[in-house]
There are 2 protein chains.
Amino acid sequence: MKIYYCDIEVAMQILGGKWKTQILYHLTKTPKRTSELKRLVQGITQKMLIQTLRELETDRIITRTIYQQVPPRVEYSVTELGQSLEPALRLLCQWGQNYVEETFAKGEVQILNLDKN
Amino acid sequence: MKIYYCDIEVAMQILGGKWKTQILYHLTKTPKRTSELKRLVQGITQKMLIQTLRELETDRIITRTIYQQVPPRVEYSVTELGQSLEPALRLLCQWGQNYVEETFAKGEVQILNLDKN
DNA sequence: CGGTATCCCCCTGGATACTG
DNA sequence: CAGTATCCAGGGGGATACCG
């Protein structure tokens, strides 16, 4: 039997690692294909993108849809379960923005949000 | 200049890793001394406890107070900035509990919350 | 009791090349 | 375009012993 000694472990187990939340962040607004994600999640490699997507899929946070055509088209979208994470993630985003504002001088740190969807 | 390409990176940078949120979780309710934390954060080693506490301190999420006496007494408590993370963390806790309930059969996974403060 | 100092394993995550 | 397969470095994290 798996035992957690603190209930925040559960969420962090699923959201932890370098890329999980970033991918989720971009998928929350609208489904996206692999290449779009690759572009939006700055710095991620092909391998890590696919690997992370698989893990999120296993945890039922996102789903993978294949459109049979040439060239192949695959789209990822968040499940209902994944959407239920949004309020928490949004709070974390806001907290982060606020943190940057009051911690660093102007121009020292910058947050770019690439997607305009 | 440090650049973030997604604003959730900021929070995850500070909360990421294996122990950060767990420690924060326990400190949110009431200040605690090192030995208490060592007991509450199940499985953490002395080294990782101290190391993680230092990092949280650097990021101004917690503070460290020394009471001059023998034997030495040190207490850690969350700053105002750290407290402002609570709403987000609480949502993540709730989400995790719900996730476990609807994902696993009874007895397959268990969440123990050790502290009764 | 609280903290430091080593030593070291292993796993995450990166680089690259290759398929359908 | 989407994905797989290797190979491999770095560092996060663990075990242990030792100080004030």
Side-chain angles (χ1 to χ4, degrees), chain A residues 3-6 8-9 12-27 30-59 61-77 115, chain B residues 3-6 8-9 11-27 30-59 61-77:
Chain A
I3 296 183
Y4 292 99
Y5 291 96
C6 168
I8 201 166
E9 278 186 82
M12 292 311 288
Q13 181 124 328
I14 291 175
L15 298 178
K18 192 171 178 180
W19 304 110
K20 296 271 183 75
T21 52
Q22 287 191 61
I23 290 178
L24 219 48
Y25 173 92
H26 291 295
L27 283 183
T30 156
K32 293 201 168 56
R33 36 194 315 191
T34 317
S35 50
E36 290 179 288
L37 282 174
K38 181 90 169 55
R39 179 177 50 84
L40 290 171
V41 182
Q42 204 72 10
I44 197 170
T45 59
Q46 177 87 358
K47 175 194 166 187
M48 290 313 298
L49 178 61
I50 301 298
Q51 181 175 310
T52 310
L53 286 168
R54 293 290 173 278
E55 291 170 10
L56 288 171
E57 209 184 341
T58 300
D59 290 332
I61 306 298
I62 66 173
T63 55
R64 177 169 178 270
T65 310
I66 309 169
Y67 297 89
Q68 293 295 350
Q69 58 185 52
V70 179
R73 176 188 183 85
V74 175
E75 277 195 353
Y76 296 92
S77 50
D115 55 338
Chain B
I3 296 183
Y4 292 99
Y5 292 95
C6 168
I8 200 165
E9 278 185 82
M12 293 311 287
Q13 182 123 327
I14 291 175
L15 298 178
K18 193 171 177 180
W19 304 109
K20 295 271 182 74
T21 51
Q22 287 190 63
I23 290 177
L24 219 49
Y25 174 92
H26 290 295
L27 283 184
T30 157
K32 294 201 169 53
R33 35 195 313 192
T34 316
S35 51
E36 290 179 289
L37 282 174
K38 180 91 169 56
R39 178 176 50 82
L40 290 171
V41 183
Q42 206 71 13
I44 198 172
T45 60
Q46 177 88 358
K47 175 193 166 186
M48 290 313 299
L49 178 61
I50 301 299
Q51 182 175 309
T52 310
L53 287 168
R54 293 291 173 277
E55 291 170 10
L56 288 171
E57 208 185 342
T58 299
D59 290 332
I61 307 298
I62 65 173
T63 54
R64 176 168 177 270
T65 309
I66 309 170
Y67 297 90
Q68 293 295 352
Q69 59 185 53
V70 180
R73 175 189 184 85
V74 174
E75 276 196 353
Y76 295 92
S77 50

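Labels below follow one simple rule: chain letters A, B, ... track the order of the sequence lines, proteins then strands, and each chain is numbered from 1.
One can place CD of B:Glu75 at 17 Å from C1' of C:dG3, the figure rounded to the nearest angstrom. Spacing between atom CD of B:Glu57 and atom C1' of C:dG2 amounts to 13 Å, rounded to whole angstrom units. Separating the CG atom of A:Leu49 from the P atom of D:dG3 is a distance of 8 Å, rounded to the nearest angstrom. Atom P of nucleotide C:dC11 and atom CD of A:Gln13 are separated by 15 Å, given to the nearest angstrom. Put simply, NZ on B:Lys32 is 14 Å from P on C:dG2, counting in whole angstrom units. When rounded to the nearest whole Å, the span between CD1 of A:Ile23 and P of D:dA2 equals 14 Å. Computed from coordinates, the A:Ile66 CD1 to D:dA2 C1' distance equals 10 Å when rounded to whole Å. Look at CD on A:Glu55: it is 12 Å from C1' on C:dC11, rounded to the nearest Å.
With rounding to the nearest 0.5 Å, the separation of OH in A:Tyr76 from CD1 in A:Ile62 is 6.5 Å.
Between A:Arg33 and the phosphate of D:dA2, there is a side-chain N or O to OP1/OP2 separation shorter than 4.0 Å. A close approach under 4.0 Å does not occur between any side-chain nitrogen or oxygen of A:Arg64 and OP1 or OP2 of D:dA2.
Residue-level contact check: A:Tyr76 touches the backbone only, with heavy atoms under 4.0 Å from sugar-phosphate atoms and none from bases.
In terms of the side chain to side chain donor-acceptor pair (under 3.5 Å) criterion, A:Ser35 has no residue partners (sequence neighbours excluded). Residues satisfying the salt bridge (charged side-chain N to carboxylate O under 4.0 Å, His left out) test with A:Arg73, not counting sequence neighbours, are A:Glu75. A search for side chain to side chain donor-acceptor pair (under 3.5 Å) contacts involving B:Thr63 returns B:Ser77, not counting sequence neighbours. Residues passing the salt bridge (charged side-chain N to carboxylate O under 4.0 Å, His left out) test with B:Arg54, sequence neighbours excluded: B:Glu57.
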Under a 4.0 Å heavy-atom criterion, the protein footprint on nucleotides 5-20 of chain D, written with B, S and -, is -BB-----BBB----B

Could you list the donor-acceptor pairs under 3.5 angstrom formed between side-chain atoms of residues 14-24 of chain B and any protein atom two or more places apart in sequence or on another chain?
residue: B:Lys20; atom: NZ; partner: B:Ile14; partner atom: O; Å: 3.3
residue: B:Lys20; atom: NZ; partner: B:Glu55; partner atom: OE1; Å: 3.3
residue: B:Gln22; atom: NE2; partner: B:Lys18; partner atom: O; Å: 3.4

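Among the nucleotides D:dC1, D:dG3, C:dT4, the one closest to any side-chain atom of B:Ile50 is C:dT4.
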side-chain contact (heavy atoms from CB on, under 4.5 Å) assessment of A:Leu53 paired with A:Arg64 = CA-CA 9 Å; A:Leu53 286 168; A:Arg64 177 169 178 270; over 6 Å; no

